Amino acid sequence: MTSDNGAREEMRSAYDPSEVEERIYRGWEEGGFFKPQGGDRPFTVIMPPPNLTGELHMGHALTAAVEDALIRWHRMLGDDTVWVPGVDHAAIAVNALVERQLDEEGVSRHDIGREAFLERVWDFVNASRARIAEQHRRLGASADWEREAFTLDEARQRAVRQTFVNLYEDGLIFRGERMINWDPVGQTALSDLEVEYRDVESSFWYVRYPALDEDGDPAPSPLEGEGGGEGERAQPATPAGDYIVIATTRPETIPADTAVAVHPEDERWRHLIGRMVLEPTSDRPIPVIADEAIEIEAGSGALKVTPGHDQVDFEIGERHGLETINILAPDGTLNEHAGRYAGLDRFEARDRVVEDLEAKGLIEKIEPYTHAVGHSQRSGAVVEPIVSEQWWVNVGPLAGPAIAAVRDGRIAFVPKRFERTYLHWMENIRDWCISRQIWWGHRIPVWYCDAGDCGETIAAVEDPDACPACGGALRQDEDTLDTWFSSGLWPHSTLGWPDEDAEDLARFYPTQVMETGYDIIFFWVARMIMLSLYNMRGFEGGDIPFETVYLHGLVRAPDGRKMSKSFGNVVDPLGVIEQYGTDALRYALISGTSPGNDQRITDDRVEAGRNFANKLWNAARLVRTLAGPDADLELPPVGDERLRREDRWVLSRLERTVGLADELLRSYQLAEALRQTRDFFWDEFADWYLELAKLRVREGDGVPLAVAAHVLDRVLRLLHPFMPFVTEEIWQRLAEARPDPEGAPQLIVARYPAADTARHDEAAERDLAAVQDFVRAIRNERAAKRVEAGRWIEAYVVADGAAEAAGDLAAAIGQLARARPLHVVAGASDAPSEGVVTAVLPVGRVVLPMAGLFDLEAERARLGKQIGEARDEVRKLGAKLANEQFRTRAPAAVVAREEERLATASSRLRGLEESLAEII
RNA sequence: GGGCGGUUAGCUCAGUUGGUACGAGCGCUCGCUUCACACGCGAGAGGUCACUGGUUCAAGUCCAGUACCGCCCACCA
């Protein structure tokens, strides 16, 4: 069982996770339960890559909690589960981190060189991997670490290269010179997705580009002054031939302008089309061209065309055969093409250009302007569009099958609305820039032959020795691949692909559930679907990577903002575990998660989890204490006469909860499943059943203990996926007296319950509801009349509708309500009417002789008020039922229910009126 | 410019096929060291389900629109 011989200490009065968790986890590992157990149906979850920087984020803790719950549930269902803990290389994050270290030492990666850089990264990463494994242990994640898949391991390297080569040979990967997003701080290209647009307050500079006349000479003196303010647009202040005004937010790119474009229909500038203007920083003549893409309304209506540094301009340039000038160096300074601005940082250059133009009198005006500026998601630097030669995936052909798989329902998203998001993106997908100029990552498996004029380019899975064409020396491409290229292979590469015969692949692909946050649908989920469908096409078991994409929301800080180190509002999962225990954290995360919605993690919720764990612990302690070592805990079968009404009630409620939990889990409503189970356990089992059981046990009846042990056992099974440690610990203690009928040595591999409908008992449920009503009514009156808590008072229960139950449970009612003597009587006339307080219930009433304990007038007023309310209800229901439309159109069941309600309300009203009449 | 969420008790949030708001946790009020649990027990207070209109016998739940808050996508100089 567990390593300490099963000789456990007595249960302390408070559950202490620190004493339990490590021992329990070791027990699971030693039992080998994290490995596939050989069930009939495979159930696979691939763990998403945690953050390789070694910090455990709450988002990852949530992912782990949800996935582990699913894995544990399926394992208990008897499925053959495998949970592969994948660790991606997280290229950008790790690169940035090590670069920051270098930065602090005052050097750059280019100073120390590729090899030394990678050495430093490996040191760091190896340490991180160990920490990640440890973190998952702390989270109670039942992942099989022996299968850990790290992207840079040789097997995964091969998967990446094989994919690259296949795509390359199919013409879906190509190298091309295009406009890309350049991160001058990270000094690498980025994909569109890695650029975040943020509003930045800046200026709109209106710049005059002097026009040349037909002969190419500068036109005579530009007109001074303006037509004045608002009238400009309708009536240009710039007479034909003098100059053209453009509006720009990036004056530093003016030296790269190769044209000015206007709309062919624009009256203001039409006469200039075909003429030349001077690029104002260097007086270089550039043409004025006409293009339909120009918006007449925007800016001045004329656009400076900078094909080297703007996507739109690049396209205009292509249409008009314009030259492309690149004035930016990789580090964000201007290069030699920028003339006298060469060497300046781009923002410095902006100021200088403006100064110079102002000096020349070419700035017409400057307006404040707020616009969206692209920033690198990782480095935060303002991204510069530049034209550069990069590797691309032509994703169009991959998107088709990826769209179809979701359209035809082979892959389903939970919640469904994200399918739209996914499809919209996929349908408008653009080529994917996959080359990065960072060093830590999968190197692009392409080699170039530099020998003579050979010029051979080859893509290969294995490192080639020499050029196959000429035998010359080869040089590998310097770039690495976008992290998401390798992450996109996750579902099959972690299971052994490209080895088509890999056992795991055959057994566990396709996987069942992909669980992750909605923020990476495009980055990751979409890429996994595309690349898996491509690599696994024709695979025997099916080509899709997973059947269900369950998307959780973001975990936000207690203040509702995104957790961020710069806000200082990060909640560390390990710290929470330290303080409250893993189960408490998992309870908090699970109970806060509804598909697709964000949640806040607060101490309150974690405390609720801890409290619940403690409640479980103490309920178990009670059962154990009462039972003693030799109790017979065999549950009597259905129909056994030893089972009393309250036993049948709690067993019925238990089975309804079992059914509900199962149903909820199947539709991924984890939070609701947990809540329902908790509510049953706490509000019904602990608060009522155990209290009732105590009385009987004192009288020597052992049956309630068997019932309680049974309920406990089944509830622990239901809760195990969510709170693995405390449930395992209690279950094992319980199993010492009550071994698992199927022989499971530990809860982790015990059977998940299926609802036993034979235990359903509506009559018992109705009866106990009545008993609870009676008890509550007496307690209520006691509290309202300020009877001291310890004092016993006499009470009459008039049980119209539940006479038998009330009779059977009279002693219990008395005990729970502190009522002695307690009389159960058949009719109101059998109870006293003088000096009494009466509470009228749907099932009868309670009458408390409390002469002198209350104010008669107040009592009369209270009854009067209740009568008013009851009359209102009777009137409303009566009106509803009198409505012919309702009677004919509503379903019969609904009408019947309303009729019943009316009957109940009427009888309650009568009771109240009688009471009022009697107390006079 | 498109698209998607949110708006329910003081706070944070559930509420999936329309049928009494079963609401939950925390907080609050009152009372309890009742022999499993004060990480607890008992009793309470607290809501025009953002707004307007519509469909329906019936709407927090469906439809249309409005207002705030938030997110995503998009080459507006």
Side-chain angles (χ1 to χ4, degrees), chain A residues 11 13-15 179 192-193 197 204 246-250 261 293-295 297-306 310-315 369 371-372 385 415-418 420-421 424-425 428 518-519 521-522 553-554 558 560 580 584 588 591-592 594-600 602-605 607-626 664 667 669 671-672 675 678-679 686-687 690-691 694 775-776 779-784 786-790 815-818 873 876-877 880 883-891 893-895 897-898 901:
Chain A
M11 294 175 84
S13 66
Y15 173 64
M179 182 69 58
D192 298 332
L193 284 177
Y197 288 87
F204 221 176
I246 61 90
T248 182
T249 54
R250 295 158 69 213
I294 308 303
E295 286 175 46
E297 300 301 315
S300 66
L303 176 71
K304 70 194 262 310
V305 183
T306 321
D310 187 281
Q311 178 64 36
V312 178
D313 295 8
F314 182 74
E315 285 161 19
Y369 191 64
H371 65 136
K416 205 167 171 50
R417 69 181 135 93
F418 286 111
R420 271 181 65 134
T421 312
H424 181 260
W425 185 78
N428 296 287
Y518 64 75
D519 53 331
I521 293 177
F522 306 140
L554 271 34
Y580 296 102
S591 68
S594 70
N597 295 328
D598 294 349
Q599 64 166 307
R600 300 185 193 202
T602 58
D603 280 355
D604 281 359
R605 228 193 257 277
E607 273 174 31
R610 177 202 55 184
N611 295 352
F612 182 43
N614 191 55
K615 188 72 182 180
L616 284 167
W617 178 258
N618 274 294
R621 201 156 78 102
L622 174 66
V623 172
R624 209 178 129 98
T625 315
L626 291 178
L664 290 166
S667 53
Q669 296 176 257
E672 190 62 9
R675 192 181 72 89
R678 190 210 96 108
D679 286 355
D687 286 351
L690 286 181
E691 294 304 322
K694 281 180 192 170
V775 172
R776 283 201 198 99
R779 285 173 173 173
N780 181 340
E781 294 309 327
R782 291 176 58 110
R786 307 246 174 263
V787 177
E788 301 102 274
Q815 185 72 26
L816 296 179
R818 292 229 141 205
E873 198 183 352
K876 260 197 284 188
L877 287 167
K880 191 172 191 181
N883 182 348
E884 203 43 45
Q885 296 280 9
F886 174 71
R887 300 203 78 100
T888 52
R889 304 215 179 186
V894 173
V895 177
R897 193 161 58 236
E898 295 297 303
R901 280 180 58 205

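Since the structure is predicted, the reported quantities are computational estimates derived from the model, not experimental observations. Lettering of chains follows the sequences in order, A, B, ..., and the numbering in each one begins at 1.
A distance of 9.5 Å separates CG in D313(A) from CD in Q311(A), rounded to the nearest 0.5 Å. Put simply, CD on E607(A) and CG on N614(A) are 12.5 Å apart, with the number rounded to the nearest 0.5 Å. Note that CD1 of I246(A) is 6.0 Å distant from NZ of K304(A), once rounded to the nearest 0.5 Å.
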**Item:** Per-nucleotide protein contact string for nucleotides 72-77 of chain B (B base, S sugar-phosphate only, - none; heavy atom under 4.0 Å)
**Value:** SSSBBB
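Taking the side chain to side chain contact (heavy atoms under 4.5 Å, CB included) definition, one finds that A247(A) meets it with F204(A), Y206(A), sequence neighbours left out. Residues passing the salt bridge (Lys or Arg N to Asp or Glu O under 4.0 Å) test with R250(A) are D310(A), E384(A), sequence neighbours excluded. E788(A) pairs by the salt bridge (Lys or Arg N to Asp or Glu O under 4.0 Å) definition with R791(A), not counting sequence neighbours. Take F886(A) and apply the side chain to side chain contact (heavy atoms under 4.5 Å, CB included) test, not counting sequence neighbours, and it matches K880(A), L881(A), N883(A), A890(A), V894(A), V895(A), E898(A). Every salt bridge (Lys or Arg N to Asp or Glu O under 4.0 Å) that D679(A) has, sequence neighbours left out, goes to R675(A). Listed by chain and residue number, P558(A), R600(A), D604(A), R605(A) satisfy the side chain to side chain contact (heavy atoms under 4.5 Å, CB included) test with T602(A) (two or more places apart in sequence, or in another chain). Not counting sequence neighbours, the partners of D192(A) by the side chain to side chain contact (heavy atoms under 4.5 Å, CB included) test are N181(A), R430(A). Listed by chain and residue number, Q669(A) satisfy the side chain to side chain donor-acceptor pair (under 3.5 Å) test with S667(A) (two or more places apart in sequence, or in another chain).
Across all strands shown, C49(B) has no partner, as no Watson-Crick or G-U wobble contact with both distances under 3.5 Å is found. The base-pairing partner of C4(B), taking Watson-Crick or G-U wobble contacts with both distances under 3.5 Å, is G70(B). With a cut-off of 3.5 Å on both Watson-Crick or G-U wobble distances, the partner of C13(B) is given as G23(B). When Watson-Crick and G-U wobble pairs are counted only if both distances are under 3.5 Å, C62(B) pairs with G54(B). Pairing of A43(B), defined by two Watson-Crick or G-U wobble distances under 3.5 Å, is identified with U29(B).
For U61(B) and G5(B), the P atoms lie 15 Å apart once the distance is rounded to whole Å. Going from the P atom of C4(B) to that of C51(B) covers 23 Å, rounded to whole Å. Taking the P atoms as reference points, U7(B) lies 12 Å from C62(B), given to the whole Å. Distance check on atom P: G46(B) versus U52(B) gives 24 Å, rounded to whole Å. As rounded to the nearest Å, A45(B) and C39(B) have C1' atoms that lie 25 Å from one another. The separation of G44(B) from A67(B), taken at their C1' atoms, amounts to 37 Å, rounded to a whole angstrom. U20(B) and A58(B) have their P atoms separated by 15 Å, given to the nearest Å. Rounded to whole Å, the separation between the P atoms of G25(B) and A14(B) comes to 16 Å.
A straight line from OH of Y580(A) to P of C39(B) spans 12 Å, rounded to a whole angstrom. Rounded to whole angstrom, the span from the CZ atom of R786(A) across to the C1' atom of C32(B) amounts to 13 Å. Spacing between atom CZ of R610(A) and atom C1' of C26(B) amounts to 13 Å, rounded to whole angstrom units. A straight line from CG of N780(A) to P of C30(B) spans 18 Å, rounded to a whole angstrom. Rounding to whole angstrom units, OH of residue Y518(A) and P of G70(B) are separated by 14 Å. Atom CD in Q885(A) sits roughly 10 Å away from atom P in U56(B) (whole-Å rounding). For N883(A) and U56(B), the CG to P distance is 14 Å, given to the nearest whole Å. Atom pair R887(A):CZ and U56(B):P shows a separation of 22 Å (rounding to whole Å applied).
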**Item:** Worked check of side-chain contact (heavy atoms from CB on, under 4.5 Å) between E873(A) and R901(A)
**Value:** CA-CA 9 Å; E873(A) 198 183 352; R901(A) 280 180 58 205; 3.7 Å; yes
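Both K694(A) and L664(A) sit near RNA chain B, but only L664(A) has its closest nucleotide nearer the 5' end.
Using a 4.0 Å heavy-atom criterion, one finds that R818(A) contacts no nucleic acid atom at all. Nucleic acid contact class of Q815(A) (heavy atoms, under 4.0 Å, all strands): none.
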Please list, pair by pair, any protein nitrogen or oxygen found under 3.5 Å from a nitrogen or oxygen in nucleotides 40-42 of chain B.
{"unit_1": "G40(B)", "atom_1": "OP1", "unit_2": "N611(A)", "atom_2": "ND2", "d": "3.2"}
{"unit_1": "G40(B)", "atom_1": "O3'", "unit_2": "K615(A)", "atom_2": "NZ", "d": "3.2"}
{"unit_1": "C41(B)", "atom_1": "OP1", "unit_2": "K615(A)", "atom_2": "NZ", "d": "2.8"}
{"unit_1": "C41(B)", "atom_1": "OP1", "unit_2": "W682(A)", "atom_2": "NE1", "d": "2.6"}
{"unit_1": "G42(B)", "atom_1": "O3'", "unit_2": "R779(A)", "atom_2": "NH1", "d": "3.3"}

N/O contacts under 3.5 Å, protein versus nucleotides 6-13 of chain B?
{"unit_1": "U12(B)", "atom_1": "O3'", "unit_2": "R600(A)", "atom_2": "NE", "d": "3.1"}
{"unit_1": "C13(B)", "atom_1": "OP1", "unit_2": "R600(A)", "atom_2": "NE", "d": "2.9"}

What's touching nucleotides 17-24 of chain B from the protein side, N or O pairs under 3.5 Å?
{"unit_1": "G19(B)", "atom_1": "O2'", "unit_2": "R897(A)", "atom_2": "NH2", "d": "2.8"}
{"unit_1": "U20(B)", "atom_1": "O2", "unit_2": "R901(A)", "atom_2": "NE", "d": "3.4"}
{"unit_1": "U20(B)", "atom_1": "O2", "unit_2": "R901(A)", "atom_2": "NH2", "d": "2.9"}

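Y518(A) approaches G596(A) most closely through the heavy-atom pair CE2-O, 3.7 Å. Smallest separation of non-hydrogen atoms from A619(A) and L690(A): CB-CD1, 3.9 Å.
Residue H371(A) places its NE2 atom among more than 12 non-hydrogen atoms of other residues, nucleotides or ligands, all under 6.0 Å distant.
Ring pair W617(A)/Y15(A) is tilted by interplanar angle, where 30° to 60° counts as tilted.
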